[in-house]
There are 2 protein chains.
Amino acid sequence: MGESGSGSQLIRLHEIRKACSACSLRELCLPVALDRKDTDELDRIVERSRPLRKGEKLCRPGQPFSAIYAVLSGCLKSSLLGHDGESQVIAFHLPGELVALDAIGSGSHPTAIEALETTSVCRIPFSQLEILSRKLPGLQHQLLRVMSKEIFDEHKLLQVVSRRTAEQRLAIMLINLSQRFGRRGLSRTRFRLPMSRLDLGNYLGLAPETTSRTFRRFVDQGLLKVTGKEVELLDLHALHGLTEEAGLPSRHARRC
Amino acid sequence: MGESGSGSQLIRLHEIRKACSACSLRELCLPVALDRKDTDELDRIVERSRPLRKGEKLCRPGQPFSAIYAVLSGCLKSSLLGHDGESQVIAFHLPGELVALDAIGSGSHPTAIEALETTSVCRIPFSQLEILSRKLPGLQHQLLRVMSKEIFDEHKLLQVVSRRTAEQRLAIMLINLSQRFGRRGLSRTRFRLPMSRLDLGNYLGLAPETTSRTFRRFVDQGLLKVTGKEVELLDLHALHGLTEEAGLPSRHARRC
DNA sequence: CGCATATTTGAAATAGTTCAAGTTGAGTGG
DNA sequence: CCACTCAACTTGAACTATTTCAAATATGCG
């Protein structure tokens with residue numbers, strides 16, 4: 001299922017480093033601690049497999065874990081299937097980001113990971129990565145850093161989904177995407193949403209109808225222009241403003 | 001701030017292993033791959049500092065990161081401070097669990113970590129842990145496992161907070177606590193909630209009033225008995241049943 | 001004992017969901 | 001190039017769980 005080694009080949013991490021200049025993958029191989037020679041070593045264990053077509057799955061829940069992946073192009077979504085058949089979108093993965101870090105702990109993939117468009121990834125066999133990490137202190141450090149950052153990001157997401165209005169959630173999401181696209185050298189104000197409104201709503205904890213209505217409200221307010229999945233942020237400043245406001249008064253937080 | 005090395009002393013991990021028989025800390029030092037000699041090595045880098053009093057902070061947001069911690073007794077809560085002063089409770093840490101894993105990535109603590117009652121922790125200097133990890137493959141593996149599990153748990157929490165009713169959230173929380181207490185050899189049906197209703201509600205994404213009302217509803221239904229922070233689960237089966245139900249119909253999830 | 005903080009309770013307000021009915025849009029085959 | 005189809009998306013209106021506001025009780029602690 002798109003995971004077979006067939007067609008896998010060595011890839012040049014150096015090129016990836018150039019391509020995505022500030023992403024997890026870069027963080028994994030580029031940091032000060034990792035020189036050219038080290039990167040070559042990492043390069044040797046990384047495999048590229050054939051691209052996934054839209055809708056194709058990188059892995060299914062329960063599948064045994066053997067490797068983590070880095071997105072080269074396209075977009076993935078990972079989602080957790082509920083006991084009762086509903087699914088919860090956990091994350092969207094853009095180029096340069098590492099995927100399946102949540103599978104290390106249990107030895108099997110907890111989430112389903114699916115391509116939202118034609119997507120190519122490279123496969124990093126975990127056992128080899130572990131061995132290499134012991135040889136390269138810089139790599140070990142970076143791996144821990146990336147995982148820690150993942151935990152932190154999750155915390156932030158929780159904060160977003162937990163106590164914010166629909167407008168704030170969408171604003172935060174748009175800004176987040178803007179930054180992620182921007183880091184890759186693409187426009188921060190005009191981009192194409194790789195995911196459906198349904199997935200987006202699911203991710204943000206909103207009904208698809210609410211997502212749609214919130215988009216429209218933003219358009220009416222002149223904050224953005226929307227044509228299908230194409231989005232243009234017209235007033236980044238105002239969007240930022242929205243996220244700053246308290247979602248709910250909340251009598252929490254007292255003493256410091 | 002309770003983090004100074006003063007009074008730190010060697011502790012016997014072997015004793016901790018006995019004390020908390022199925023927790024993160026145990027996972028960190030007990031797994032098959034780690035023998036007695038290895039554990040001794042780990043033991044040498046772990047420090048114990050004086051207990052934190054209720055309300056005392058283990059760390060504040062922004063504080064430079066130098067070590068992770070393991071809870072020995074008591075309870076900690078970590079929370080993220082919003083731009084606007086509100087705080088979002090991210091996690092509660094019971095004995096045996098590792099704390100501050102989200103700080104590795106940025107080099108400074110993103111969350112405030114505070115004692116909910118008198119709590120003792122041991123400090124594990126991160127740089128030494130990293131060095132030791134390279135020597136002990138089993139330790140490295142376990143560290144990654146624990147972090148991965150943290151990511152996974154976060155995903156689950158997100159699922160809880162995102163799309164479930166107040167009753168389901170509370171039921172899930174009570175069952176979760178029940179299991180965590182149970183693993184430590186305590187009663188699975190009678191325990192003391194270490195946190196306030198306010199913190200609990202905040203964690204679950206509910207107003208404190210809603211939390212209170214939901215408790216009352218459960219009591220009325222005969223699912224539990226509550227006396228202040230003391231809780232007795234009377235019908236664990238029914239609670240489980242609540243969590244299974246679909247929180248919201250949701251037209252998501254189609255093709256498999 | 002008495003203040004300060006937590007918790008509970010009731011009633012009103014509301015954001016968001018649900019349901020139901022369009023509308024759009026992309027792919028397909030004639 | 002035009003129907004035709006299926007799914008994604010949008011829109012409106014009614015509904016409801018949860019929040020908010022206000023105020024009464026507990027509870028803890030000095």
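All chains are named by letter (A, B, ...) in the order of the sequence lines, taking the proteins before the strands, and each is independently numbered beginning at 1.
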Whole angstrom is fine here: how far is it from [atom1] in [X] over to [atom2] in [N]?
X        : N      : atom1 : atom2 : answer
B/Leu198 : D/dT19 : CG    : C1'   : 14 Å
A/Arg216 : D/dG12 : CZ    : P     : 6 Å
A/Asn202 : C/dG16 : CG    : P     : 16 Å
A/Arg197 : D/dT11 : CZ    : P     : 10 Å
A/Glu209 : C/dC19 : CD    : P     : 10 Å
A/Leu242 : C/dA15 : CG    : P     : 14 Å
A/Arg163 : C/dG16 : CZ    : C1'   : 16 Å
B/Lys54  : C/dA6  : NZ    : C1'   : 10 Å

For a quick test of reading the model: is some side-chain N or O of [X] closer than 4.0 Å to OP1 or OP2 of [N]?
X        : N      : value
A/Lys229 : D/dC9  : yes
B/Thr210 : D/dT19 : yes
B/Arg213 : C/dT9  : no

- Message: Can you pull out every salt bridge (Lys or Arg N to Asp or Glu O under 4.0 Å) where at least one residue sits in residues 151-162 of chain A? Sequence neighbours excluded, please.
- Response: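 Found A/Lys149-A/Asp153.
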
Out of [options], whichever nucleotide has its closest atom nearest the side chain of [X]:
X        : options               : value
A/Leu206 : C/dT8, D/dT19, C/dT17 : C/dT17
B/Ser196 : D/dT10, C/dT7, D/dA8  : C/dT7
B/Ala207 : D/dT19, C/dT9, C/dT17 : D/dT19

- Message: Return the CG to NE2 distance between B/Leu223 and B/His237, rounded to the nearest 0.5 Å.
- Response: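 One gets 11.5 Å once the value is rounded to the nearest 0.5 Å.
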
- Drop me the distance from A/Leu101's CG to A/Glu150's CD, to the nearest 0.5 angstrom.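 CD of A/Glu150 is found 5.0 Å from CG of A/Leu101.
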
- Item | Listed partners of A/Arg53 passing side chain to side chain contact (heavy atoms under 4.5 Å, CB included), at least two apart |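 A/Arg53 satisfies side chain to side chain contact (heavy atoms under 4.5 Å, CB included) with A/Glu56 once adjacent residues are dropped.
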
Could you go over nucleotides 24-27 of chain C and give all protein N or O partners under 3.5 Å, atom names and distances?
none

- Show the numbers, then the answer: is there a salt bridge (Lys or Arg N to Asp or Glu O under 4.0 Å) between B/Glu167 and B/Arg217? CA-CA 9 Å; B/Glu167 296 202 345; B/Arg217 230 173 303 151; 3.0 Å; yes

- Task: For the pair B/Asp235 (side chain) and B/Gly222 (backbone), establish whether a donor and an acceptor sit closer than 3.5 Å, ignoring hydrogens and angles.
- Result: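 A pair under 3.5 Å: no.
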
- Which class fits the ring pair A/Tyr69 and A/His109: parallel under 30°, tilted 30 to 60°, perpendicular over 60°?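 Plane angle between 30° and 60°, so tilted.
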
- Quick one: label A/Gly201 by what it contacts on the DNA or RNA (base, sugar-phosphate, nothing), any heavy atom closer than 4.0 Å.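 Nothing: the residue A/Gly201, judged by heavy atoms under 4.0 Å, touches no strand.
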
